[in-house]
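The figures that follow rest on heavy atoms only: side chains count, while hydrogens, waters and symmetry mates do not.
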Amino acid sequence: MLDIIYLLVAIQIFAKDAHYNFKGVDFKPLHEWMDEIADPIGGYVDDIKEQILLRKGVVIPRGTVINHEAAFYVPSDIGEDNKQILSNLHALLSMAHQSLNKVDGETQGDGDLLGRIDSHIQKHIGLLNLALGE
């Protein structure tokens, strides 16, 4: 479950980086879209920590440790253009989607939480597919 937290934080970091790196006439809508992706993730991470990990007695790593681990997932290069930035974000979201779908043995409440997170991710994967022409 910690790997999912690291991936979610990586998505949040990358989306915020992308937020400021778009160029051209598409800047404003892409800039705002990154907020739609990144902003809910902090709440999701907090919910996983409180509802799943603490209940199981897992010691929650400090924020600096989480950020360090998340950094391994964040592409080192933001991308040369808007399409490459979106493609890099798509890869991160797809990785998180796959990881969320490998989790089993959780309670119904855990499944509901992970389902809400995955629903958020799937929505944006679909929108990115359209934006990338896939």
Side-chain angles (χ1 to χ4, degrees):
M1 193 62 63
L2 287 174
D3 285 345
I4 291 172
I5 288 176
Y6 302 148
L7 271 168
L8 291 173
V9 171
I11 291 166
Q12 189 176 35
I13 290 168
F14 189 81
K16 282 300 184 179
D17 285 347
H19 178 82
Y20 298 108
N21 282 280
F22 289 115
K23 297 173 181 73
V25 296
D26 293 328
F27 173 82
K28 186 169 179 6
L30 291 173
H31 177 84
E32 291 172 354
W33 184 15
M34 293 307 103
D35 283 339
E36 286 180 34
I37 293 172
D39 290 350
I41 290 178
Y44 294 145
V45 168
D46 192 52
D47 287 345
I48 290 172
K49 289 175 183 178
E50 292 174 352
Q51 295 178 33
I52 299 175
L53 298 181
L54 287 177
R55 186 188 77 239
K56 292 181 175 186
V58 174
V59 176
I60 307 298
R62 292 187 54 216
T64 54
V65 172
I66 291 172
N67 288 343
H68 175 76
E69 294 298 322
F72 289 107
Y73 293 104
V74 178
S76 58
D77 183 15
I78 190 77
E80 294 296 315
D81 57 32
N82 292 355
K83 189 167 185 165
Q84 188 178 11
I85 293 170
L86 293 175
S87 182
N88 287 338
L89 180 58
H90 187 277
L92 274 175
L93 288 169
S94 295
M95 193 182 320
H97 171 66
Q98 290 170 1
S99 295
L100 283 162
N101 284 290
K102 290 180 184 173
V103 175
D104 42 81
E106 303 296 331
T107 68
Q108 180 65 44
D110 297 344
D112 291 347
L113 169 60
L114 297 176
R116 282 195 321 273
I117 296 167
D118 195 41
S119 178
H120 175 75
I121 288 170
Q122 286 182 80
K123 170 187 171 184
H124 292 289
I125 288 172
L127 293 171
L128 281 164
N129 285 343
L130 285 173
L132 293 168
E134 296 179 358

**Request:** May I have the step-by-step check of side-chain hydrogen bond (donor to acceptor under 3.5 Å, both in side chains) for Asp112 and Gln108, ending in yes or no?
**Result:** CA-CA 6 Å; Asp112 291 347; Gln108 180 65 44; 2.9 Å; yes
**Request:** Report the C-alpha distance between Gln122 and Asn101 in whole Å, list the side-chain angles of each, state the deciding distance to 0.1 Å, and finish with yes or no for side-chain contact (heavy atoms from CB on, under 4.5 Å).
**Result:** CA-CA 11 Å; Gln122 286 182 80; Asn101 284 290; 5.6 Å; no
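Applying the side-chain contact (heavy atoms from CB on, under 4.5 Å) rule to Ser94 yields the partners His90, Ile125; only residues at least two apart in sequence or on another chain are considered. Evaluation of the salt bridge (charged side-chain N to carboxylate O under 4.0 Å, His left out) rule for Lys28 yields Glu32 as partners, not counting sequence neighbours. Not counting sequence neighbours, the partners of His120 by the ring pair (Phe, Tyr, Trp, His ring centres under 6.0 Å) test are Tyr44, His124. For Asp39, the salt bridge (charged side-chain N to carboxylate O under 4.0 Å, His left out) partners two or more places apart in sequence, or in a different chain, are Lys16.
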Listed pairs under 3.5 Å, donor-acceptor, residues 58-76 side chains, sequence neighbours left out:
none

Side-chain atoms of residues 45-55: list all donor-acceptor pairs with protein atoms under 3.5 Å, sequence neighbours left out, distances to 0.1 Å.
from	atom 1	to	atom 2	distance (Å)
Arg55	NH1	Gln51	O	2.6
Arg55	NH1	Asp110	OD1	3.0
Arg55	NH2	Asp110	OD2	2.8

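At least one side-chain heavy atom of Leu86 sits less than 4.5 Å from a side-chain heavy atom of Trp33. Residues Asn88 and Asp77 form no side-chain contact, since every pair of their non-hydrogen atoms from C-beta on lies 4.5 Å or further apart.
Note that the CG atom of Leu8 and the CG atom of Leu93 stand 9.5 Å from one another [nearest 0.5 Å]. Here the CG-CD1 distance, from Leu7 to Ile41, works out to 10.0 Å after rounding to the nearest 0.5 Å. To the nearest 0.5 angstrom, Asp81 atom CG is 9.5 Å from Ser87 atom OG. Note: Gln12 CD to Leu92 CG = 12.5 Å, rounded to the nearest 0.5 Å. The line from CD1 of Ile121 to CG of Leu128 is 11.5 Å long, rounded to the nearest 0.5 Å.
Looking only at distances, a side-chain donor or acceptor of Ser99 sits under 3.5 Å from a matching main-chain atom of Met95. Remark: side-chain polar atoms of Asn21 are paired, donor with acceptor, to backbone N or O of Asp17 under 3.5 angstrom.
Across His19 and Phe27, no two heavy atoms sit closer than the pair O-CE1, 3.9 Å. The nearest pair of heavy atoms linking Ile85 to Ala18 is CG2-CB, 3.4 Å. The two residues Ala96 and Ile11 come nearest to each other via the heavy atoms CB-CD1, 3.6 Å.
Enclosure of atom NZ in Lys83 is not indicated, since only 12 or fewer non-hydrogen atoms of other residues, nucleotides or ligands lie within 6.0 angstrom.
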